[in-house]
Amino acid sequence: MSKYPLETIRHSAAHLMAAAVQELFPDTKFDIGPATDAGFYYDFDMEYRLVPEDLKKIEGAMNKLKNQNLPFEKIEMSREEAEKFLKDRDQSYKLERLADVPEGEQITFYKMGEFCDLCRGPHVENSSEVGAFTLLSIAGSYYRGKETNPMLQRIYGTAFADRKELKKHLMQIEEAKKRDHRKLGTELELFGFSDKVGPGLVLWHPKGALIRHIIETFWRDQHYRNGYELLYTPHIGRSELWETSGHLDFYKEGMYSPMDIDGTDYFVKPMNCPFHIEIYKSRIRSYRELPLRWAELGTVYRYEKSGVLHGLSRVRGFTQDDAHIICTPEQIENEIYEVLQFCLFIWDAMGFKNLKAYLATRPEKAVGDPERWETALKSLEKAVDKAGMDIEVDEGGGAFYGPKIDLKLKDALGREWQTSTIQFDFNLPERFDMTYVGEDGNRHRPYMVHRALLGSFERFFSLLVEHYAGSFPLWIAPEQLRILPITENQHEYAKEMFKSLRQKGFRVEMDLRSESVGSKIKDARHARIPYMAIIGEREAEAGTLSVRSRREDQLGEMSLDDLAEKLQLDIDKHL
RNA sequence: GCCAAUGUAGCUCAGUCGGUAGAGCAAUUCACUCGUAAUGAAUAGGUCAGCGGUUCGAUUCCGCUCAUUGGCUCCA
């Protein structure tokens with residue numbers, strides 16, 4: 001254990017790296033170099049374009065500096081001194097950062113060797129205490145994260161107190177890469193992409209499609225049980241619809257170009273809401289029929305910038321497990337509560353527990369009655385509170401049309417992805433003039449809530465694959481059991497067993513190749529088949545099957561009925 | 001979209017300092033009929049991402065395009 005927090009070690013490693021970069025590339029202008037969750041980075045501006053080989057050089061220079069036992073000296077300066085210091089060294093980014101330091105705050109620099117950096121600290125006392133570090137990658141990054149600013153060169157690295165921990169971390173990254181859904185998707189033949197079809201457009205292969213089908217069936221069933229009705233709506237709609245909804249004003253960059261049909265422009269839908277609203281508006285609605293809970297597995301298409309596409313996590317065509325809840329003000333609190341409970345139930349059934357909740361409140365520019373915002377926010381807070389979830393509040397981070405709760409999940413490589421969302425909408429009910437007739441005989445404006453539980457099937461599937469590393473629980477495994485006859489003499493008996501198990505509704509396959517049983521087991525394990533049934537002369541004679549699971553357990557010989565019972569018990573586990 | 005890297009068989013990758021390519025796994029065929037993580041042999045499989053340029057000749061060098069990867073930005 002080091003006497004310093006990891007953050008201090010990492011931040012100091014960032015300084016060490018900057019010092020090495022200054023040594024190797026003296027014309028470098030420096031921006032900032034913070035510690036992160038997984039390591040550290042530093043942003044540089046220089047003429048020279050860094051190449052991957054440079055990482056080794058820089059790392060070498062860092063090690064040299066480390067071994068010189070250089071002290072980290074804290075230097076206090078007045079604002080004027082600091083300005084002069086940075087101006088003399090032509091550090092324009094640092095000058096701007098200096099201007100951000102609040103008036104009255106002590107300005108400090110940290111000097112280590114030749115490198116002296118505007119910095120709040122703290123640091124380790126001596127370069128020898130930076131611990132074990134390694135540089136990982138080079139990336140571009142806009143200055144201050146703004147697209148219109150120049151792009152700086154960023155180097156990512158990570159540091160730990162000692163070599164052992166660093167090694168452990170690097171091993172973890174390697175392990176995580178093995179469960180990356182993009183890799184497993186190809187290996188297990190779950191899904192794919194085709195250059196001919198286009199980027200961000202998913203092709204669900206049979207096994208992936210089967211899993212999706214199973215989950216969709218479960219999803220529909222649970223929605224019926226929870227008082228939802230299901231809708232189907234078209235994939236395209238006239239421009240007028242999108243004008244009314246406002247999408248053509250504020251979401252046009254996310255939409256694909258219109259197609260001309262009989263002289264009218266039609267747009268592929270980026271969202272399902274306007275269609276659901278049109279169903280709502282197909283007749284006069286009474287308070288007696290509220291709340292309405294309308295769900296749809298709605299496939300939408302959005303233009304996502306080419307650089308952001310990522311496996312199944314960020315695509316251009318995807319299916320949301322969407323629903324809209326339309327209700328009265330009296331009903332809203334309970335509706336929100338139930339949605340959140342339902343949401344957590346679904347995630348739990350899928351085997352996930354570590355969701356992080358984010359609450360986004362009213363931004364400066366917003367539409368809708370402030371009182372309604374207040375009620376909405378309260379109902380969200382209450383629901384989260386009752387569910388006992390930890391929540392991070394993003395003050396002013398809501399959409400202009402309403403507050404929301406988002407749930408996020410981390411992928412195998414630690415990147416966070418938004419999945420569930422529960423959003424109020426004070427905009428569309430106005431734009432479409434949605435009303436219901438109240439008890440008083442007058443027309444009232446209903447509350448409308450958008451929600452998606454899994455988010456989209458594509459993103460959800462990426463998380464599911466990584467969560468289970470491809471070893472899906474039995475109820476969603478595309479192939480639940482594989483029958484492995486030892487020789488051709490058992491083929492007939494194997495086929496009998498196969499037929500019976502299929503009749504009972506299990507997803508079973510046979511491996512009738514003339515391979516050794518060891519080889520068949522290897523392949524079945526590689527395919528993450530939950531159960532294998534081995535059939536040799538002994539079993540064929542006794543009318544049994546020798547069962548083993550992918551977890552390497554030998555489960556022994558059992559009858560067909562016992563096997564079926566065992567499988568069924570395992571299948572029902574998630575409920 | 002921006003900064004950078006990469007693109008060779010279905011998959012993982014080697015290779016060619018410019019003379020049209022190779023391995024392992026997978027596939028197919030044949031032999032083997034086998035007891036719990038790899039039986040053997042043979043065969044087939046590639047416009048070396050695409051287009052253009054330089055060259056006697058380009059998979060290799062150059063340019064553009066497309067796609068992927070790592071980031072940034074964005075994500076109603």
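Naming: A, B, ... by sequence-line order, numbering from 1 per chain.
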S.K.: If the P atom of B:U59 is compared with that of B:C74, how far apart are they to the nearest Å?
M.R.: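 Between the two P atoms, the distance is 42 Å.
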S.K.: Report which part of the nucleic acid A:Q153 touches: base, sugar-phosphate, or nothing (heavy-atom distance under 4.0 Å, all strands).
M.R.: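 The residue A:Q153 makes no contact with any strand.
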S.K.: Determine which nucleotide pairs with B:C30, using a 3.5 Å limit on both distances of a Watson-Crick or G-U wobble pair.
M.R.: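 WC or wobble partner is B:G40.
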S.K.: Of all the choices, B:U33, B:A38, B:G70, which nucleotide is nearest to the side chain of A:T487 once you look at every atom?
M.R.: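 In terms of side-chain proximity for A:T487, the closest of B:U33, B:A38, B:G70 is B:U33.
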S.K.: For A:P52 and A:N489, take the nucleotide of RNA chain B holding the closest heavy atom to each; which residue's nucleotide lies nearer the 5' end?
M.R.: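 Final value for this comparison: A:P52.
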S.K.: Which whole number of Å gives the distance between the C1' atom of B:G18 and that of B:G57?
M.R.: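 My reading of the C1' atoms in B:G18 and B:G57 gives 8 Å.
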S.K.: Using both distances under 3.5 Å as the test, list the Watson-Crick or G-U wobble partner of B:C72, or none.
M.R.: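 When the pairing criteria are applied, B:G1 turns out to be the nucleotide that pairs with B:C72.
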S.K.: Could you please spell out the steps behind the salt bridge (Lys or Arg N to Asp or Glu O under 4.0 Å) verdict for A:R538 and A:E557?
M.R.: CA-CA 10 Å; A:R538 204 166 58 223; A:E557 232 173 289; 3.7 Å; yes
S.K.: Using the P atom in both, what is the distance from B:A41 to B:U36, to the nearest Å?
M.R.: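 Per the computed distance, 22 Å lies between those P atoms.
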S.K.: Roughly how many Å apart are B:C17 and B:A21, using the P atom of each and rounding to a whole number?
M.R.: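 Between the two P atoms, the distance is 14 Å.
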S.K.: How long is the line joining NE2 of A:H310 and C1' of B:C75, in whole Å?
M.R.: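 Going from A:H310 (NE2) to B:C75 (C1'), I get 15 Å.
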S.K.: Just compare B:U39, B:C72, B:G35 and give me whichever is closest to any side-chain atom of A:S519.
M.R.: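 The listed nucleotide nearest to A:S519's side chain is B:U39.
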S.K.: Name the nucleic acid region contacted by A:R144, choosing base, sugar-phosphate or nothing; use a 4.0 angstrom heavy-atom cut-off, strictly under.
M.R.: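 Contact class for A:R144: none.
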S.K.: Is any N or O donor-acceptor pair between the side chain of A:R525 and the base of B:A37 shorter than 3.5 Å?
M.R.: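 Such a pair is found, so the answer is yes.
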S.K.: Between the base of B:G35 and the side chain of A:E539, is one N or O donor paired with an acceptor at under 3.5 angstrom?
M.R.: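 Looking at the base of B:G35, it does pair with a donor or acceptor on the side chain of A:E539 (distance under 3.5 Å).
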S.K.: Distance between the C1' atoms of B:G1 and B:A58, in whole angstroms?
M.R.: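 Going atom to atom, C1' in each nucleotide, I get 33 Å.
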S.K.: On a whole-Å scale, what distance lies between the P atoms belonging to B:G53 and B:G7?
M.R.: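 B:G53 and B:G7 have their P atoms separated by 24 Å.
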S.K.: Which label fits A:F426 and A:Y447: parallel for a plane angle under 30°, tilted from 30 to 60°, or perpendicular past 60°?
M.R.: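 It falls in the perpendicular class, over 60°.
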S.K.: Measure from the side chain of A:T186, starting at C-beta and using heavy atoms only, and say which of B:G35, B:C11, B:U33 lies closest.
M.R.: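 The answer is B:C11, which lies nearest to the side chain.
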S.K.: Would you mind telling me which of A:L380, A:L359, A:T361 makes a side chain to side chain contact (heavy atoms under 4.5 Å, CB included) with A:P403?
M.R.: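 It is A:L380; the other options fail the test.
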S.K.: Between A:F318 and A:F457, does the ring centre distance come in under 6.0 Å?
M.R.: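 When the ring centroids of A:F318 and A:F457 are compared, they turn out to be at least 6.0 Å apart.
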S.K.: For B:C66, what is the paired nucleotide under Watson-Crick or G-U wobble rules, both distances under 3.5 Å?
M.R.: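 Matched B:C66 with B:G7 under the 3.5 Å cut-off.
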S.K.: For B:U20, which nucleotide in any strand shown is its Watson-Crick or wobble partner with both distances under 3.5 Å?
M.R.: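 Matched B:U20 with nothing under the 3.5 Å cut-off.
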S.K.: In whole angstrom, what separates A:D394's CG from B:C75's P?
M.R.: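 From A:D394 CG to B:C75 P: 12 Å.
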S.K.: Nearest to the side chain of A:R538 - B:U73, B:G35, B:A4?
M.R.: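 Nearest to the side chain of A:R538 among the choices is B:G35.
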S.K.: Could you measure between the two C1' atoms, the one in B:U68 and the one in B:U55, and give it in whole Å?
M.R.: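 Taking atom C1' in both B:U68 and B:U55, they lie 31 Å apart.
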S.K.: Return yes if the base of B:A38 and the side-chain atoms of A:K522 contain a donor-acceptor N/O pair under 3.5 Å, otherwise no.
M.R.: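 Answer yes: a donor N or O sits under 3.5 Å from an acceptor.
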S.K.: Is a donor-acceptor pair below 3.5 Å formed from side chain A:Y142 to base B:G1, judging by atom type as modelled?
M.R.: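 Looking at the base of B:G1, it does pair with a donor or acceptor on the side chain of A:Y142 (distance under 3.5 Å).
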S.K.: Does the base of B:C32 carry an N or O that pairs as donor and acceptor with the side chain of A:S514 under 3.5 Å?
M.R.: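 Check passes, donor-acceptor contact within cut-off.
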S.K.: A quick test of your reading: do over 12 heavy atoms of other residues, nucleotides or ligands sit less than 6.0 Å from CZ of A:R513?
M.R.: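 More than 12 heavy atoms, drawn from other residues, nucleotides or ligands, come within 6.0 Å of this atom.
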S.K.: Considering only the P atoms, how many Å lie between B:C13 and B:A4, rounded to the nearest integer?
M.R.: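 B:C13 and B:A4 have their P atoms separated by 25 Å.
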S.K.: Taking N and O atoms by type only, does the side chain of A:R314 place a donor or acceptor under 3.5 Å from a partner on the base of B:C75?
M.R.: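 Present.
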